[in-house]
Amino acid sequence: MIGNFSLTYLAYMVQSIGWTLVLSALAFVLGMAGGFLVMLGRISPRRWLRLPTQIFIEAIQGIPLLILLFIVYFGLSVYGFELPSIVAAALALMVYTSAYLGDIWRGCVEAMPRAQWEAAECLSFSRWQTLRLVIIPQAVRLSLPPTIGFLVQIIKMTSLASVIGFVELTRAGQIINNSIFQPFLVFSLVGVFYFVLCYPLSRWSASLEDRLNVGNR
């Protein structure tokens with residue numbers, strides 16, 4: 001049975017964008033904290049720190065995000081940890097984001113010229129002082145474009161949270177379509193909303209890449 005698409009449905013979709021942004025923000029902020037620790041582990045001179053973080057990155061990058069969502073939401077509930085869908089989605093996205101941002105930032109830190117490390121050693125800086133005062137401030141400029149580019153991916157990947165019942169933009173589209181059965185109209189609108197959210201960030205990332213001349217470093 002085909003119904004009419006009303007302003008009520010449109011308002012429901014717009015409201016669901018807020019939950020998409022909340023989940024994206026949680027995943028990005030928590031993922032940045034985790035990614036920083038992963039990055040520190042990957043560039044550590046100590047093998048017992050490098051090895052576990054390398055295994056973590058390779059394991060997470062080899063597992064689809066959908067499976068991570070199932071593990072956190074359904075898997076943990078077997079052991080008595082019944083998490084709300086937003087918490088489970090945020091945790092799964094945080095783990096996923098930590099692995100990717102940690103690897104992106106490791107590459108940016110290791111791209112710094114060796115002379116920068118040697119100059120800091122000449123000033124008797126400790127390794128942490130070298131990172132904090134010399135390397136990381138320069139690496140942050142280099143990492144901005146790929147980090148913002150990955151934020152675009154996070155926003156789009158929040159759509160997978162619909163499989164565990166979290167009502168974000170994609171899930172709102174499914175609910176509306178189940179009611180009025182106009183899949184072309186409903187999911188086209190969902191796609192337009194994602195585009196409106198992601199396109200400015202993509203352009204910002206490209207602009208930063210040109211401004212910071214990242215490609216020619």
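Index from 1, following the sequence.
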Taking the side chain from [X] and the backbone from [Y], do they hold a donor-acceptor pair closer than 3.5 Å?
| X | Y | result |
| --- | --- | --- |
| T147 | S143 | yes |
| N177 | Q182 | yes |
| S207 | R203 | no |
| R50 | P45 | yes |
| S205 | S202 | no |
| N178 | Q174 | yes |
| S162 | S159 | yes |
| T97 | L93 | yes |

Kindly write out the residues that satisfy side chain to side chain contact (heavy atoms under 4.5 Å, CB included) with A88, not counting sequence neighbours, or none if the list is empty.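 Only V72, Y73, L83, I164 meet the side chain to side chain contact (heavy atoms under 4.5 Å, CB included) criterion with A88.
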Is L189 close to F5 at the side-chain level, that is, under 4.5 Å between some pair of heavy atoms?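 A side-chain contact exists here, since the closest heavy-atom pair is under 4.5 Å.
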Is there a path of hydrophobic side-chain contacts, each under 4.5 Å between heavy atoms of I/L/V/M/F/W/Y residues, joining [Y] to [X]?
| X | Y | answer |
| --- | --- | --- |
| F184 | M13 | no |
| I155 | V196 | no |
| F195 | L169 | no |
| Y96 | L66 | yes |
| V29 | F36 | no |

Return yes when atom CZ of F81 has more than 12 non-hydrogen atoms of other residues, nucleotides or ligands closer than 6.0 Å, and no otherwise.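 No, the 6.0 Å shell around CZ holds no more than 12 heavy atoms from other groups.
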Restricting to non-hydrogen atoms, name the atom on [X] and the atom on [Y] that form the minimum distance, rounded to 0.1 Å.
| X | Y | result |
| --- | --- | --- |
| A90 | L23 | N-CD1, 3.7 Å |
| N4 | I180 | O-CG2, 3.7 Å |
| W105 | M32 | CZ3-O, 3.4 Å |

Short side-chain donor-acceptor distance under 3.5 Å, [Y] and [X]:
| X | Y | result |
| --- | --- | --- |
| T158 | W19 | no |
| Q129 | R132 | no |
| Y194 | T20 | no |
| S179 | Y9 | yes |

About how many Å separate CZ of R171 and OG of S85, when rounded to the nearest 0.5 Å?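 Reported value, rounded in 0.5 Å steps: 10.0 Å.
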Would you give the length of the straight line joining atom CD1 of I86 to atom CG of L26, rounded to the nearest 0.5 angstrom?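 These two atoms lie 5.5 Å from each other.
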Contacts under 3.5 angstrom, residues 110-125 side chains, donor-acceptor by atom type, not counting sequence neighbours:
| from | atom 1 | to | atom 2 | distance (Å) |
| --- | --- | --- | --- | --- |
| E110 | OE1 | R106 | NH1 | 2.7 |
| Q116 | OE1 | Q138 | NE2 | 3.2 |

Testing T53, L131, V38 one by one against I43 for a side-chain contact (heavy atoms from CB on, under 4.5 Å), which residue passes?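 Among the candidates, only L131 passes.
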